[in-house]
Engineer: 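Quick one: the structure is below, and I'll ask about it shortly.
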Amino acid sequence: MNPEIATNSMGIYHLLSQNTGVGLVPLILLVLMSLGTCYYALLKLYLGYREQRLNARFVDQFWQHESVQEMERQLAHTPPEEAYGRITHAALEAVSQLDRAQGRAVSLKLGSPDDFLLRALRHAITMERIRLEHGLAFLASVGSAAPFIGLFGTVWGIYHALLAIGAAGQSSLDKVAGPVGEALIMTGFGLAVALPAVLIYNFFVRRNRLKLAALDEFAYDLFALLVTGFEKTPSNVTQLSDIEGAKSETAKKGQM
């Protein structure tokens with residue numbers, strides 16, 4: 001056989017044609033991992049953009065309400081689809097539960113109003129953290145396992161290449177280098193699958209950290225607002241629009 005023709009026949013197609021059974025399993029796994037990485041990346045980008053728009057709209061509407069009761073009626077009429085709305089709904093549900101339990105023995109089991117409301121907010125933020133982390137475990141698994149799967153494919157390919165060379169009785173360097181180098185394609189494929197998964201994973205972890213920090217800040221403001229409204233009579237509750245205006249004036253004074 002012409003050595004040039006034999007050398008030109010080496011490549012990914014020749015590797016696939018020579019591998020069967022166990023040798024194709026690493027390749028199939030790597031292809032599925034690559035497709036899964038693309039799926040979760042596109043899905044989380046879309047959901048993140050949608051969530052960002054809904055959160056911005058909810059915050060704008062939140063500070064336009066005249067009272068906590070008006071905000072509660074709106075959330076009861078329209079179920080929230082954004083993280084800020086779900087946290088607000090959970091906090092208002094906790095306040096309503098405290099109102100129903102006030103003056104009864106069950107209020108002793110709930111604890112102080114502040115602690116009960118704080119637990120409700122923490123639980124809501126925890127649920128949002130779980131929601132944000134959906135799919136990250138898959139990306140982390142791809143980033144850590146894909147190189148080893150590719151390495152396994154390389155080892156298996158080298159093993160069969162050496163068996164074929166031994167059976168043919170050809171042990172020169174030019175006969176060994178081609179099949180062995182061909183088997184190394186699987187290692188490169190594993191790295192090509194792992195690197196994007198790691199980069200995407202780090203991107204979403206950082207973005208989730210920023211989102212959770214913003215949720216904590218919003219939950220703190222909501223806690224302070226509801227505790228003030230809970231302790232005072234309805235006629236003395238500060239309107240939400242007044243609170244937002246006071247924040248704006250304070251920020252302007254700080255810049256002067």
Side-chain angles (χ1 to χ4, degrees), residues 35-99 116-140 196-197 199-230 237-252:
L35 294 176
T37 300
C38 295
Y39 168 76
Y40 276 113
L42 296 177
L43 177 64
K44 293 185 73 65
L45 283 175
Y46 168 74
L47 293 179
Y49 174 73
R50 178 175 177 270
E51 187 84 8
Q52 184 178 2
R53 290 191 300 104
L54 292 176
N55 284 332
R57 185 180 65 180
F58 177 82
V59 172
D60 292 339
Q61 295 177 355
F62 177 83
W63 296 112
Q64 298 300 323
H65 290 295
E66 298 295 332
S67 65
V68 175
Q69 290 76 15
E70 181 183 351
M71 178 176 55
E72 185 176 5
R73 286 192 298 269
Q74 179 179 350
L75 290 177
H77 178 70
T78 305
E81 298 181 0
E82 60 283 324
Y84 284 30
R86 288 188 290 266
I87 290 178
T88 304
H89 181 70
L92 294 177
E93 285 290 331
V95 172
S96 299
Q97 188 174 354
L98 286 172
D99 292 338
F116 183 74
L117 179 58
L118 186 60
R119 288 197 301 268
L121 288 172
R122 286 178 178 174
H123 179 264
I125 293 177
T126 300
M127 298 305 297
E128 293 302 324
R129 180 181 292 109
I130 295 175
R131 189 189 304 271
L132 289 174
E133 292 178 355
H134 177 68
L136 292 184
F138 175 81
L139 295 176
L199 295 177
I200 294 172
Y201 172 82
N202 291 332
F203 170 77
F204 284 117
V205 166
R206 181 181 181 276
R207 194 177 70 166
N208 291 348
R209 189 182 300 114
L210 296 177
K211 286 185 176 180
L212 290 174
L215 286 177
D216 286 335
E217 182 179 358
F218 176 78
Y220 176 81
D221 294 339
L222 182 62
F223 173 79
L225 174 66
L226 293 180
V227 167
T228 303
F230 181 79
V237 175
T238 304
Q239 293 184 352
L240 304 185
S241 57
D242 296 339
I243 295 177
E244 183 66 15
K247 287 185 176 181
S248 302
E249 294 179 359
T250 304
K252 292 180 181 178

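Residues: numbered from 1 along the sequence shown. FYI, side chains are in, hydrogens and waters are out, and symmetry mates aren't considered; it's all heavy atoms of this structure.
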Engineer: If I take atom CZ from residue Phe218 and atom CG from residue Leu225, how far apart are they, to the nearest 0.5 angstrom?
Structural biologist: 9.0 Å
Engineer: Got a donor-acceptor contact below 3.5 angstrom from the Lys211 side chain to the Arg129 backbone?
Structural biologist: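 Checked: no pair found.
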Engineer: Looking only at heavy atoms, which two atoms of Ala140 and Tyr201 are closest? And how far apart?
Structural biologist: CB-CE1, 3.9 Å
Engineer: Between atom CG of Leu212 and atom CD1 of Ile125, what is the distance when rounded to the nearest 0.5 Å?
Structural biologist: 8.0 Å
Engineer: Given side chains that start at C-beta, do those of Met127 and His123 come closer than 4.5 Å, heavy atoms only?
Structural biologist: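 Met127 vs His123: side chains touch.
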Engineer: Atom CG in Asp216, atom CG in Asp221: separation rounded to 0.5 Å?
Structural biologist: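 Between Asp216 CG and Asp221 CG, I get 11.0 Å after rounding to 0.5 Å.
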Engineer: Between Arg50 and Glu81, is the closest basic N to carboxylate O distance under 4.0 Å?
Structural biologist: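 Salt bridge flag = yes for Arg50 with Glu81.
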Engineer: Looking at every heavy atom in both Ala83 and Asn55, which two are closest together, and how far apart are they?
Structural biologist: N-OD1, 3.3 Å
Engineer: Work out which heavy atom in Ala94 is nearest to a heavy atom in Ala120; give both atom names and the distance.
Structural biologist: CB-CB, 3.6 Å
Engineer: Check the pair Tyr84 / Phe58 against ring pair (Phe, Tyr, Trp, His ring centres under 6.0 Å), numbers first and verdict last.
Structural biologist: CA-CA 7 Å; Tyr84 284 30; Phe58 177 82; 7.0 Å; no
Engineer: Does some side-chain heavy atom of His89 sit less than 4.5 Å from a side-chain heavy atom of Glu93?
Structural biologist: yes
Engineer: Ile200 and side-chain contact (heavy atoms from CB on, under 4.5 Å): which partner among Leu45, Val205, Leu139?
Structural biologist: Leu139
Engineer: Under 4.5 Å between any side-chain heavy atoms of Arg131 and Arg86, yes or no?
Structural biologist: yes
Engineer: Can you measure from NZ (Lys44) to NE2 (His134) and round to the nearest 0.5 angstrom?
Structural biologist: 7.0 Å
Engineer: Would you give the length of the straight line joining atom CZ of Arg122 to atom CZ of Phe223, rounded to the nearest 0.5 angstrom?
Structural biologist: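 Those atoms lie 9.0 Å apart.
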Engineer: Taking everything shown except Gln52 itself, do over 12 heavy atoms lie less than 6.0 Å from its CD?
Structural biologist: no
Engineer: How long is the straight-line distance from CG of Leu121 back to OG1 of Thr126, given to the nearest 0.5 Å?
Structural biologist: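 With rounding to 0.5 Å, OG1 (Thr126) is 10.5 Å from CG (Leu121).
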